[in-house]
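Quick note: numbers below take in every heavy atom, side chains included, and nothing from hydrogens, waters or symmetry partners.
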Amino acid sequence: MMQLAFIYGGRSVEHDWSIAMYNYVADVLNNAPNADISPASIYYISRFGDLLRLVLEGGCLPKHDEFAARAETHPLASLAHLLKSDGLFVFSLLQGQDGEDGQMQALAQFHDIPGSFGDKTAAMLSADKYLQGVVANRLCPELTPIPMVHVSQGNLEAGIEEALLHLAGPCVLKPNTLGGSFLTECTDELSEDGLRSYSERIAPYDPSFLVQQRIVGTEYTCGVLIDRCEITALPVARINNPSGFLGYDQKTQKGSYSVEFHDVENTLQTRIASISTRIAREFKLHTFGRLDFIVEEQQGVYFFEVNVVPGLTAGSIFPKMLAKAGFDLCHIIRLAASNEMYQRHREETRKVETSRIRYGLPPTVAS
């Protein structure tokens, strides 16, 4: 029986989605026949940085409201100590700040806490939409870069001037580091007043934003699974969105868009899958992820972003991809734990070999 801990919540605009993910995981595990996964601890970080912890003694996973009523409150500064003292593999359901920006990844690495957190550098990169776009387009020359300008609040005048100089017509404005398409907007024409107004709206949440040429086309998304060194692309999904723009409102309104798998043309599916696996490898995703694209009429493929912790709710796209490929959430959890054991073994071997070199000893023969 595999024992583990869950962590969710976080000081992020995606806080509520993380709670929904935890509730969905609880449903799945509580109803899984012959499940070999036994949650032993649950951790929750509130919007304001409070830490709640509940040690389970068998039974079902409580939903969030029941958990909050039963849990003990601890200082957030004690998180690493508590996770370390548990000695459990930690499956993270944190998104955005605290979950996908490198903070938890660095904490886990520094304190040697096993979990699904992944590489800190990859997480920090994936939290920056501008930089991950630069890297992805450099990795995959077959991608068509989206014309864009990165505008920093600290250098606002120059950023606005550059955007007005190089971009025209319909554009998309989006925060550079926030997830969930939070505060992402469309505009038919750029103006200095409009950019200043947008800068003021996002200033409390993000130190910079992107001004992107709006690409008219069809959105696609591709999930990936990582099993040690092997990366497998899940079935590519086409997003049918009548409004032509998938922003925060569209993502949160039921029935505003739909997802199809059976109608994705084979050649396009192969292209997107190949690009996705290449980016996932270079970004060092831990066990799973999802990459988003838009394809215009002439079949040019544009990269949007990579999600290192994609949504895991009943209505999310990633669980549908898993089901289409014949997998479920329990498989993801077991795979994440297996990957962590494999990576930790490799790291221990590297440390041993480094020590032998330091003392002038020959390297051991790999088994």
Side-chain angles (χ1 to χ4, degrees), residues 4-15 17-18 21-22 41-53 74-136 175-180 205-208 226 279-290 305-310 312 333 336-351 354:
L4 79 162
F6 287 107
I7 186 167
Y8 70 104
R11 299 164 295 179
S12 163
V13 297
E14 297 168 89
H15 180 91
W17 285 354
S18 183
M21 286 167 62
Y22 168 76
S41 296
I42 311 168
Y43 292 82
Y44 164 75
I45 300 173
S46 77
R47 298 180 192 275
F48 309 105
D50 299 316
L51 176 64
L52 276 66
R53 177 182 184 241
H74 298 267
L76 186 58
S78 67
L79 176 60
H81 170 74
L82 292 170
L83 290 173
K84 186 71 173 177
S85 64
D86 275 352
L88 299 168
F89 172 81
V90 184
F91 192 84
S92 176
L93 298 168
L94 293 167
Q95 291 193 309
Q97 182 181 349
D98 295 337
E100 297 174 280
D101 61 355
Q103 294 192 79
M104 279 300 301
Q105 288 77 10
L107 182 80
Q109 183 174 331
F110 186 81
H111 292 278
D112 195 28
I113 299 166
S116 65
F117 306 108
D119 181 74
K120 65 181 186 299
T121 304
M124 288 186 287
L125 180 59
S126 66
D128 189 311
K129 292 183 177 66
Y130 175 73
L131 288 180
Q132 65 167 291
V134 170
V135 174
N176 187 40
T177 64
L178 300 184
Y205 307 99
D206 205 311
S208 67
I226 297 92
I279 294 173
R281 187 177 304 281
E282 293 298 328
F283 275 55
K284 300 177 184 176
L285 298 192
H286 188 278
T287 297
F288 64 112
R290 204 192 75 235
E305 63 180 301
V306 57
N307 300 276
V308 298
V309 186
L312 295 175
I333 294 172
S338 174
N339 282 337
E340 183 68 4
M341 289 178 61
Y342 172 71
Q343 292 295 341
R344 291 170 77 82
H345 174 72
R346 290 189 61 178
E347 181 62 16
E348 287 301 316
T349 301
R350 185 192 65 79
K351 289 178 181 178
T354 301

query = Nearest 0.5 Å, what's the CD1-OG distance between I7 and S18?
reply = 9.0 Å

Value rounded to 0.5 Å, distance of CD1 in I113 from OG in S85 = 9.0 Å

key: With Q103 via side-chain hydrogen bond (donor to acceptor under 3.5 Å, both in side chains) - residues at least two apart   = D101

remark   = Shortest non-hydrogen pair, L88 vs S41, comes out as CD1-OG, 4.0 Å

query = What pair of heavy atoms forms the shortest contact from F288 to P310, and how long is it?
reply = CE1-CD, 3.5 Å

query = Hey, is the main chain of M104 close enough, under 3.5 Å, to the side chain of Q109 for a donor-acceptor pair?
reply = no

ask   = Which atom pair, heavy atoms only, marks the closest approach of G102 to A123?
value = N-CB, 3.6 Å

task = For residues V309 and S92, determine if any side-chain heavy atom of one lies less than 4.5 Å from a side-chain heavy atom of the other.
result = no

query = Hey, does L107 have a side-chain heavy atom less than 4.5 Å from the side chain of F117?
reply = no

task = Report the residues that fulfil ring-ring contact (aromatic ring centres under 6.0 Å, His included) with Y130, sequence neighbours left out, ordered by chain and then residue number.
result = H150

Validation row: Y43, V90 side chains within 4.5 angstrom (heavy atoms) = no

ask   = Partners of R281 by salt bridge (Lys or Arg N to Asp or Glu O under 4.0 Å), sequence neighbours excluded?
value = none

ask   = Can you tell me how far the CG atom of L52 sits from the CD1 atom of I42, to the nearest 0.5 Å?
value = 10.5 Å

key: Sequence-distant partners of H74, side chain to side chain contact (heavy atoms under 4.5 Å, CB included), two or more places apart   = L51, R53, E72, S78, L82

side-chain hydrogen bond (donor to acceptor under 3.5 Å, both in side chains) partners of E282, counting only residues at least two apart = none

inquiry  = If you count every heavy atom of other residues, nucleotides or ligands that lies below 6.0 Å from H81 atom NE2, does the total exceed 12?
reply    = no

task = Could you tell me whether a side-chain N or O of Q95 sits under 3.5 Å from a main-chain N or O of G179, the two making a donor and an acceptor?
result = no

request  = Please report the shortest heavy-atom distance between P114 and D112, naming the atom on each side.
outcome  = CD-O, 3.6 Å

task = Apply ring-ring contact (aromatic ring centres under 6.0 Å, His included) to Y44 and list each qualifying residue two or more places apart in sequence or on a separate chain.
result = Y8, H15, H64

key: Test side-chain hydrogen bond (donor to acceptor under 3.5 Å, both in side chains) applied to K284 - qualifying residues, sequence neighbours left out   = none

inquiry  = For Y205, give me all partners under ring-ring contact (aromatic ring centres under 6.0 Å, His included), at least two apart in sequence or on another chain.
reply    = F182

task = Hey, could you give me the CH2/OG distance between W17 and S12, rounded to the nearest 0.5 Å?
result = 9.5 Å

key: salt bridge (Lys or Arg N to Asp or Glu O under 4.0 Å) partners for D206, two or more places apart   = none

key: Inter- and intrachain pairs under salt bridge (charged side-chain N to carboxylate O under 4.0 Å, His left out), touching residues 89-100, at least two apart   = R11-D98

key: Residue pairs fulfilling salt bridge (charged side-chain N to carboxylate O under 4.0 Å, His left out) with at least one residue in residues 114-129, sequence neighbours excluded   = none

query = Is E340 close to H286 at the side-chain level, that is, under 4.5 Å between some pair of heavy atoms?
reply = yes

ask   = If you measure from CD on Q97 to CG on L178, what distance do you get to the nearest 0.5 Å?
value = 9.5 Å

query = Taking only residues two or more places apart in sequence, or in another chain, which ones meet N339 in a side-chain hydrogen bond (donor to acceptor under 3.5 Å, both in side chains)?
reply = T287

request  = Please work out which of the three classes, parallel, tilted or perpendicular, describes the rings of F6 and F91, given edges at 30° and 60°.
outcome  = perpendicular

message = Just so I know, are the side chains of V306 and Q132 near enough to count as touching, which here means a heavy-atom distance under 4.5 Å?
response = yes

